[in-house]
Every structure is written in C-alpha cells, then in structure tokens.
Amino acid sequence: MSFELPDLPYAYDALAPYMSAETLEFHHDKHHQAYVTNGNKLLDGSGLEGKSLEDVVRESFGKNAGLFNNAAQHYNHVHFWNWMKPNGGGAIPGELEARINSDLGSVAEFREAFLNAGATQFGSGWAWLVLNNGKLEVTKTPNGENPLVHGQTPLLGCDVWEHSYYIDYRNARPKYLEAFFDSLVNWEYVAELLDNAG
Ligand code: MN3
C-alpha cells in the first residue's frame, strides 16, 4: 500500500470562525500532503511496504525516524480531520459521557485535563484522549509520536503544532484548544472509535 491524502470530510470554510479556510488549506493541502509525499518516498525500500498504516507506525517507531515521523503524522491527520466537524463540540453521546465520568471524574475535569495537556506540551505535539488497558486517560506526545506506539488506542487528538493555530490564534494556543474542545470536536467519531476498541 501507499499513503494517500484523503479529502477533508467538509468544505474548507465549514469550520470557521473556529478554524479558517486558510488554516485548512495550508494544513491539509500543504502539511498533510508533505507527510504523505515524504512518507511514500521513505516507505519504498523500508521493508514495511505491505503493512497497514497502523503497523508501519508501530514498527518504524524507534527504528526508522524519517518514516515514523511522516507515517505517524499521516495517521494523526487522517483522524484529526474526522475529530472535527461543523457545529461540533456540545453534547457527548451518553455511553462515552458515562465512561468519561467514571474514568476521568467528569466532563469538566476531562476538559481541563485535555486543555492542560495541549497547553503544556512543550513545542510541537498532540494532546490525546486514549484507551489504555480498558480505561480512558488524557495524555500528550511530542512531534508526531502517537498513542499507538505506547500500546494505547487514540480516541481524540488535538494537533498543537503551530501550523494548526497560528493563522487564526497567533500564539494563543489555549484559546485554540478551547475552541477545538467546545466548538469543533466530533464526539460521534470519538464514540465510534471507543466502540471499535471494544
Ligand atoms: Mn498538523
């Protein structure tokens, strides 16, 4: 297999004013495309050509930094576009909300932990809601690293690389994180990933 850039699941201007068309044009068409293009070049001859994207990410980690960085960022962004939707945020599907309440205390505590993870990730990286040994946890990772390489299932991720927010929020990463959580998250997709994880 080779990596392919998926279309955005909505129009470029569909997430405004929380994420502008200009941000999505750069982020999807330039940054994500570069991970796909470079990932394909590095996949060729790596010995991992026949593997699923998830396996390429897991098996290149710690062994082939160039391939890992691009494959992991491709995986992260494929999901990132689906972790957002127009008129997102708001009500969390009941079963997911119940899991959040039992594992993380409350939705408010989860929100605070998630925003804090994103704000305190020094430099580029991601904030995550993951399933780890059957329990929901909030984590963060640097650069392209993702929960797959730690044996966890990513359920929600927020890209805190500057390219994700600098056009719309300049240096105000916490404001971007609040807008993401409150007005962009596609909770149905998060619930679907939790269902798939069993
Ligand atoms: Mn990005």
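Because the structure is predicted, anything quoted here is derived from the model rather than measured. When a ligand or atom number is given, it counts from 1 through the structure's own listing order.
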K.L.:
Should the pair W81 and H77 be assigned to parallel (<30°), tilted (30 to 60°) or perpendicular (>60°) ring geometry?
P.N.:
tilted
K.L.:
Nearest to the Mn ion (ligand 1), which N, O or S atom of D159 do we find?
P.N.:
OD2
K.L.:
I need the single residue from Y18, Y176, F110 that forms a ring pair (Phe, Tyr, Trp, His ring centres under 6.0 Å) with F181. Which is it?
P.N.:
F110
K.L.:
Could you tell me if the ring centre of F80 sits under 6.0 Å from that of H32?
P.N.:
no
K.L.:
Kindly say whether V190 contributes a backbone atom to a donor-acceptor pair with the side chain of W83 at under 3.5 angstrom?
P.N.:
no
K.L.:
Mind reading off the angle at the Mn ion (ligand 1) between the NE2 atom of H27 and the NE2 atom of H163, rounded to 10°?
P.N.:
90°
K.L.:
Short check: any N/O/S atom of H77 below 2.8 Å from the Mn ion (ligand 1)?
P.N.:
yes
